**Student:** 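One structure coming up, written as structure tokens, with questions to follow.
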Amino acid sequence: MPITRKFRTTILDRAVSDPAFRRQMLIEAVNELLAGDLDAGKAMLRDYINATITFQQLAKKLKKTDKSVHRMLGPRGNPRADNILEIIKILQTNERVKLRVEAHKVAA
């Protein structure tokens, strides 16, 4: 049976209806940022933001324009560390979670 809905729409719909999935989206986005994949992390954050708080609400909480936040998290955006950390802080509060870093030894 062919897929009739766009992948992104399906993901966003699930994020709206499934809190565990939504939290995992945020966790994976932060993990990508910590792993050094800024492009993947930003893309995942954009999906998460679109499915939850919206760019307008996030921008209001950051005291920035939504256009500025879109640029920051866009494919060519290069957000400063203080901005990305403030975004993560706001998203954690919105999701009512507290993320933490956990160290794991890498196999040699």
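These numbers come from a predicted model, not from an experiment. Because only heavy atoms are used, hydrogens play no part in the values below, and waters and symmetry mates are left out as well, while side chains stay in.
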**Student:** Would you confirm whether Lys64, through its side chain, and Val69, through its main-chain N or O, come within 3.5 Å as a donor-acceptor pair?
**Tutor:** no

**Student:** CG of Asn31 to CD of Gln24: how many Å apart, nearest 0.5 Å?
**Tutor:** 8.0 Å

**Student:** Considering non-hydrogen atoms only, spot the tightest contact between Lys42 and Pro79 and give its length.
**Tutor:** CD-CD, 4.0 Å

**Student:** Examine the side chains of Glu95 and Tyr48 and answer whether a donor and an acceptor come within less than 3.5 Å of each other.
**Tutor:** yes

**Student:** Taking all heavy atoms of Asp82 and all of Arg80, pick out the closest pair and write down the distance.
**Tutor:** OD2-NH2, 2.6 Å

**Student:** Would you compute the distance between atom CG of Asn83 and atom OG of Ser68 and round it to the nearest 0.5 angstrom?
**Tutor:** 7.5 Å

**Student:** Is the shortest side-chain heavy-atom distance between Ile49 and Thr54 below 4.5 Å?
**Tutor:** no

**Student:** May I ask whether Phe21 and Val16 are part of the same hydrophobic cluster, defined by side-chain heavy atoms of I, L, V, M, F, W, Y residues being less than 4.5 angstrom apart, directly or through others?
**Tutor:** no

**Student:** Where do Asp66 and Phe55 come nearest, in terms of heavy atoms and distance?
**Tutor:** CB-O, 3.9 Å

**Student:** Less than 4.5 Å apart, side chain to side chain, heavy atoms only: is that true for Val30 and Leu34?
**Tutor:** yes

**Student:** Can you tell if the side chain of Pro19 reaches within under 4.5 Å of the side chain of Arg96, non-hydrogen atoms only?
**Tutor:** no

**Student:** Which value, rounded to the nearest 0.5 Å, describes the distance between Arg22 atom CZ and Arg14 atom CZ?
**Tutor:** 11.5 Å

**Student:** How long is the straight-line distance from NZ of Lys60 back to CG of Leu58, given to the nearest 0.5 Å?
**Tutor:** 12.5 Å

**Student:** Could you measure the distance from the CG atom of Leu12 to the OG1 atom of Thr52? Nearest 0.5 Å is fine.
**Tutor:** 9.5 Å

**Student:** Within this structure, what is the NZ-CG distance for the pair Lys61 and Asn94, rounded to the nearest 0.5 Å?
**Tutor:** 6.5 Å

**Student:** Within the distance-only criterion (no hydrogens, no angle test), does the side chain of Glu32 pair as donor or acceptor with the backbone N or O of Met44 below 3.5 angstrom?
**Tutor:** no

**Student:** Please tell me if the side chains of Asn78 and Leu38 come closer than 4.5 Å, counting only heavy atoms from C-beta onward.
**Tutor:** yes

**Student:** Under a 3.5 Å distance rule, please check whether Arg23 uses its side chain to pair with a backbone N or O of Val97 as donor and acceptor.
**Tutor:** no

**Student:** A side-chain contact here means heavy atoms from C-beta on lying under 4.5 Å apart; do Leu26 and Ile88 qualify?
**Tutor:** no

